[in-house]
Amino acid sequence: MSINWLRFVSPSLKKPPLFHLCHLPPPPPSSSAVIVAMSYDKELAAAKKAASLAARLCQKVQKALLQSDVQSKNDKSPVTVADYGSQALVSFVLQQEFPDNFSLVAEEDSKDLRKDGGQEIVERITKLVNDSLTIDGSYNVTLSTEDVLKAIDNGRSEGGSQGRHWVLDPIDGTKGFLRGDQYAIALALLDGGKVVLGVLACPNLPLTSLSDAGQHSPNNKVGCLFFAVVGGGTYMQPLDGSSAVKVQVSAVENPEEASFFESYEAAHSMHDLSSLIAQKLGVKAPPVRIDSQAKYGALSRGDGAIYLRLPHKGYREKIWDHAAGCIVVSEAGGVVTDAAGQPLDFSKGKYLDLDTGIIVTNQKLMPLLFNAVRKSIQEKASSL
């Protein structure tokens, strides 16, 4: 039986929280279910194509990473030629496929590239994008440097609750990319403020479980594409385009047997708070720390059972860091909420308004995880 929320009474709260998914879970097989799942077929095909092309571009750059490829944003996080190239490529493909009322909410803009000294980098980005389009062969076009800059700047939409908006993180996990570790091209579609489609291209994620292969696959069998449409479940296929398989989150019910993911970067999550939560749950396995929304993909196929993202006070989550991952996990049977048990609201623009952080697990573990999170937060606050 499908469940779209779980209710339980927490002794620390006056009202029991509702645990929603990002959207309704897959309905039982029926004609209406087929209509729901098929209504975004064209969008899904375009999203998979755009993300796959961007992933190949990123793989090419990572193999020959040059020192001149790295810039610095105001927040000191690195931005690479691949980051801009990925956004330009995804933006171009989506606008070609959906020229009317195209709206893209994306992380980057061309401001720094247009400054003095940026011409060489812009030319490298343009060559990468054109090479990718030539190899694909679907579009008989050669883009100028200005075309590429405009494609990047097409990601300036603010999103919101009306109409359709694509949401893109061209390289989620830039620091992981630079280290040669995990990163993802994360693309989602909002329709009326709800996430209805998500694609995660994870070029360095092993095709087999992380529990078997670790983060670095010994046989170089890496490169996963996860995709989900509301009502249609979640699927994974190799980035080379071979057949997809349906995936499900872990069915673990005993927290002692659960493993959990958290952000590699300490700035993105309070590791000490995560440790306290794990201790209260009785989790025995050490945390698996990896970059990017690759965590959502790994969780959707059951590599782990819990993902905790508990950033330091003052950090504001952006919608592109979670939109694609949220639907990928939800359609695989998982639950994604903030630390107060509320669903993530992607309808308010570029930022998510959250209580403390984000918690992700399966439906059986969520009540236990929620209680452990609330008690740990209270303990940490009282000790300050």
Side-chain angles (χ1 to χ4, degrees), residues 1-13 16-22 25 209-215 234 247-264 266 268-290 293-311 322 325-326 328-344 354-383:
M1 180 177 69
S2 294
I3 303 173
N4 65 7
W5 53 266
L6 299 169
R7 185 191 290 271
F8 73 97
V9 177
S10 168
S12 62
L13 297 174
L18 286 175
F19 289 127
H20 301 254
L21 306 185
C22 289
S209 172
L210 286 173
S211 59
D212 297 330
Q215 289 193 50
T234 297
V247 295
Q248 290 283 329
V249 296
S250 168
V252 168
E253 298 182 28
N254 182 354
E256 290 187 9
E257 299 172 4
S259 60
F260 73 95
F261 296 115
E262 63 181 359
S263 299
Y264 186 96
H268 294 165
S269 196
M270 292 183 282
H271 292 164
D272 58 338
L273 181 56
S274 297
S275 297
L276 184 58
I277 294 166
Q279 183 181 337
K280 289 190 178 301
L281 284 171
V283 173
K284 295 178 179 178
V288 179
R289 292 174 179 163
I290 62 176
Q293 289 178 72
K295 291 183 286 291
Y296 280 109
L299 199 78
S300 76
R301 68 184 185 188
D303 286 11
I306 297 168
Y307 168 30
L308 300 172
R309 183 174 170 109
L310 304 163
H322 300 283
C326 184
V328 163
V329 166
S330 297
E331 282 295 326
V335 189
V336 184
T337 78
D338 70 8
Q342 298 301 311
L344 308 189
L354 300 173
D355 183 317
T356 308
I358 295 172
I359 55 178
V360 187
T361 189
N362 63 36
Q363 295 181 9
K364 296 286 183 65
L365 282 177
M366 182 54 91
L368 295 171
L369 177 60
F370 178 81
N371 274 328
V373 168
R374 299 311 294 177
K375 289 177 180 177
S376 298
I377 290 172
Q378 289 167 4
E379 282 186 23
K380 186 176 175 66
S382 64
S383 67

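Computed from a predicted model, the values in this text were never measured in an experiment.
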K.L.:
How long is the gap from NZ on K280 to CZ on R374, to the nearest 0.5 Å?
P.N.:
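Answer for the NZ-CZ pair, K280 versus R374, is 13.5 Å.
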
K.L.:
Under a 3.5 Å distance rule, please check whether T361 uses its side chain to pair with a backbone N or O of A305 as donor and acceptor.
P.N.:
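It does hold such a pair.
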
K.L.:
Please name the pair of heavy atoms, one in Y296 and one in V360, separated by the smallest distance, quoted to 0.1 Å.
P.N.:
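Closest approach of Y296 to V360: CE2-CG2, 3.9 Å.
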
K.L.:
Could you tell me whether Q279 atom CD has more than 12 heavy atoms of other residues or ligands within 6.0 Å of it?
P.N.:
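No, not enclosed.
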
K.L.:
Could you walk me through whether D355 and Q342 pass the side chain to side chain contact (heavy atoms under 4.5 Å, CB included) test, one step at a time?
P.N.:
CA-CA 8 Å; D355 183 317; Q342 298 301 311; over 6 Å; no

K.L.:
Would you compute the distance between atom CG of L354 and atom CD1 of I359 and round it to the nearest 0.5 angstrom?
P.N.:
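Reported value, rounded in 0.5 Å steps: 11.0 Å.
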
K.L.:
Identify the heavy atoms of L299 and G304 that sit nearest to each other, and give their distance.
P.N.:
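Closest approach of L299 to G304: CD1-O, 3.3 Å.
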
K.L.:
Any side-chain heavy atom of P287 within less than 4.5 Å of one from Y307?
P.N.:
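Sidechains of Y307 and P287: no contact.
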
K.L.:
Roughly how far, to the nearest 0.5 Å, is CG of L210 from CZ of R301?
P.N.:
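CG of L210 is found 5.5 Å from CZ of R301.
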
K.L.:
Of all the heavy-atom pairs spanning H322 and L344, show the shortest one and how long it is.
P.N.:
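Looks like CB-CD1, 4.4 Å.
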
K.L.:
For I277 and I306: C-alpha separation, side-chain torsions, deciding distance, then whether side chain to side chain contact (heavy atoms under 4.5 Å, CB included) applies.
P.N.:
CA-CA 11 Å; I277 294 166; I306 297 168; over 6 Å; no

K.L.:
Measuring from atom CG of L308 to atom CG of L273, what distance do you get when rounded to the nearest 0.5 angstrom?
P.N.:
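Separation between the atoms: 8.0 Å.
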
K.L.:
How many angstroms lie between OG in S376 and CG in N371, if you round to the nearest 0.5 Å?
P.N.:
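So the gap between those two atoms works out to 10.0 Å.
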
K.L.:
Can you find a pair of side-chain heavy atoms, one from V373 and one from T356, that are under 4.5 Å apart?
P.N.:
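No; the side chains remain at least 4.5 Å from each other.
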
K.L.:
Quick one: closest heavy-atom pair of K295 and E262, and the distance?
P.N.:
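That would be CD-O, 3.6 Å.
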
K.L.:
Extract all donor-acceptor atom pairs below 3.5 Å that involve side chains of residues 247-259 and protein atoms in other chains or at least two apart in sequence.
P.N.:
residue: S250; atom: OG; partner: V252; partner atom: N; Å: 3.1
residue: E253; atom: OE2; partner: K364; partner atom: NZ; Å: 3.3
residue: N254; atom: OD1; partner: E256; partner atom: N; Å: 3.0

K.L.:
Check whether S383 reaches the backbone of K380 with its side chain - one donor and one acceptor, N or O, closer than 3.5 Å.
P.N.:
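Checking the backbone N and O of K380 against the side chain of S383, a donor-acceptor pair under 3.5 Å is found.
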
K.L.:
Please report the shortest heavy-atom distance between V335 and T337, naming the atom on each side.
P.N.:
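That closest heavy-atom pairing would be CG1-CG2, 3.9 Å.
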
K.L.:
Does a side-chain heavy-atom distance below 4.5 Å link F261 with D303?
P.N.:
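A side-chain contact under 4.5 Å exists here.
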
K.L.:
If you look at every heavy atom in F370 and A339, which pair is closest and at what distance?
P.N.:
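Scanning both residues completely, I find the closest heavy atoms to be CE1-O, 3.4 Å.
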
K.L.:
Within the 4.5 Å heavy-atom criterion, are E331 and S300 side-chain neighbours or not?
P.N.:
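Counting from C-beta outward, E331 and S300 never come under 4.5 Å.
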
